[in-house]
2 protein chains.
Amino acid sequence: MEERLDIVFAALADPTRRAILAMLLEDDMAVTDVAEPFAMSLAAISKHLGILTRAGLISQEKRGRVKWCKLEPDSLRDASIWMQGFGQFEAVNLDAFERFLEAELNSDPPGPA
Amino acid sequence: MEERLDIVFAALADPTRRAILAMLLEDDMAVTDVAEPFAMSLAAISKHLGILTRAGLISQEKRGRVKWCKLEPDSLRDASIWMQGFGQFEAVNLDAFERFLEAELNSDPPGPA
DNA sequence: GCAATCGTCAACCGTTTGGTTGAATATGGG
DNA sequence: CCCATATTCAACCAAACGGTTGACGATTGC
């Protein structure tokens with residue numbers, strides 16, 4: 001769970017990758033179309049997409065010869081939660097946050113997909 | 001504004017640095033004390049603290065020969081906001097956590113540390 | 001069937017990163 | 001004044017990163 005944060009934050013630490021995520025927020029895209037606005041090779045973009053995929057931030061599905069890229073917004077959840085522990089509640093310690101997460105998990109049966 | 005995100009996310013992408021932030025959440029600490037639980041040299045920790053400082057995540061103030069490290073929780077706000085842009089996370093939000101803390105506070109007088 | 005398109009792989013390159021060690025620079029205390 | 005403590009600096013190292021290029025395997029359309 002901890003090393004997942006490593007990968008997610010590292011993936012977010014690159015401006016090209018963040019730009020790609022922003023593009024995918026609008027719509028799913030093929031690899032070639034993702035690459036189009038960037039001043040770098042297709043191979044480089046392909047690598048970036050691999051990193052985003054390994055981080056779980058996007059998913060890729062091949063249909064025909066075109067590989068479609070899709071944002072996976074839920075994947076940011078853990079990282080966001082981790083950050084909220086520091087951001088807004090400075091005086092609050094992690095124990096309280098952990099208790100919160102546990103309580104939420106126990107009390108709240110998963111909502112509809 | 002964009003490159004600030006680079007630095008912040010990169011700083012967060014290391015488990016040692018995240019652990020340091022968690023420690024500083026409890027209390028301000030001297031560099032030597034920060035280093036104590038880690039299996040690496042003081043110089044390495046000093047570098048990590050430099051990175052966290054440059055990212056604005058902590059601040060350092062020298063009093064006498066001791067340099068005190070202090071969490072700067074506000075610094076995570078921009079990154080958090082950026083992430084919320086992707087969030088259909090809905091589930092764990094600040095409001096829920098605040099209600100939890102309130103409930104906890106009302107029902108359970110805080111035990112000693 | 002063949003050529004064009006889509007995407008990845010492999011090798012390479014320069015830079016950055018995370019760590020080490022040893023010396024250097026304050027500062028404080030007896 | 002001298003020694004111990006607190007911290008950083010500088011040089012070095014291996015590994016990872018972000019990019020390139022060229023070859024390659026699928027798939028599609030004519």
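Chain A is the first sequence line, chain B the second, and so forth, proteins listed ahead of strands; every chain is numbered from 1. Since we're looking at a predicted model, the values are computed, not measured. Computation of the quantities below employed the complete heavy-atom set of this structure, encompassing side-chain atoms and omitting hydrogens, waters and symmetry-equivalent molecules.
Proximity of A:H48 to the phosphate of D:dC17: no side-chain N or O atom is located under 4.0 Å from OP1 or OP2. Contact annotation: B:S46 side-chain N/O to D:dT8 OP1/OP2 distance is under 4.0 Å. B:K62 has no side-chain polar atom (N or O) that falls below the 4.0 Å cut-off from OP1 or OP2 of D:dT7. Using a 4.0 Å cut-off, some side-chain N or O of A:S41 falls inside it from OP1 or OP2 of D:dT20. For C:dA4, the OP1/OP2 oxygens have no side-chain nitrogen or oxygen of A:R65 closer than 4.0 Å.
The separation between B:R63 atom CZ and C:dG28 atom P is 12 Å, rounded to whole Å. Straight-line distance from the CG atom of A:L52 to the P atom of D:dC17: 13 Å, rounded to whole Å. Between B:I45 atom CD1 and D:dA6 atom P the separation is 15 Å, expressed in whole Å. For the pair B:Q60 CD and D:dT7 P, the computed distance is 9 Å after rounding to whole Å. To the nearest angstrom, P of D:dC9 lies 7 Å from NZ of B:K67. Across the protein-nucleic acid pair, B:R18 atom CZ and C:dG18 atom C1' stand 15 Å apart, rounded to whole Å. Atom CG of B:L42 is separated from atom C1' of C:dG19 by 13 Å (rounded to the nearest Å). Distance A:L49 CG to C:dT8 C1': 12 Å, rounded to the nearest Å.
Taken to the nearest 0.5 Å, the CG atom of B:D33 stands 10.5 Å off from the CG atom of B:D27. Annotation: the span from A:L42 atom CG to A:L49 atom CG amounts to 9.0 Å, rounded to 0.5 Å. Of the inter-residue distances, the one linking B:D74 atom CG with B:S80 atom OG reads 11.5 Å to the nearest 0.5 angstrom. One distance of note links CZ of B:R17 with CD1 of B:I51; it measures 4.0 Å at 0.5 Å rounding. From B:M29, atom CE reaches atom CD of B:E36 across 8.0 Å, with rounding to the nearest 0.5 Å.
At the heavy-atom level, B:R17 lies under 4.0 Å from the strands shown only through sugar-phosphate atoms. Counting non-hydrogen atoms under 4.0 angstrom, A:K47 reaches a base of the nucleic acid. Nucleic acid contact for B:A43: base, since at least one base atom lies under 4.0 Å from a heavy atom of the residue.
Ranking C:dG19, C:dC6, D:dA6 by closeness to the B:T32 side chain, first place goes to D:dA6.
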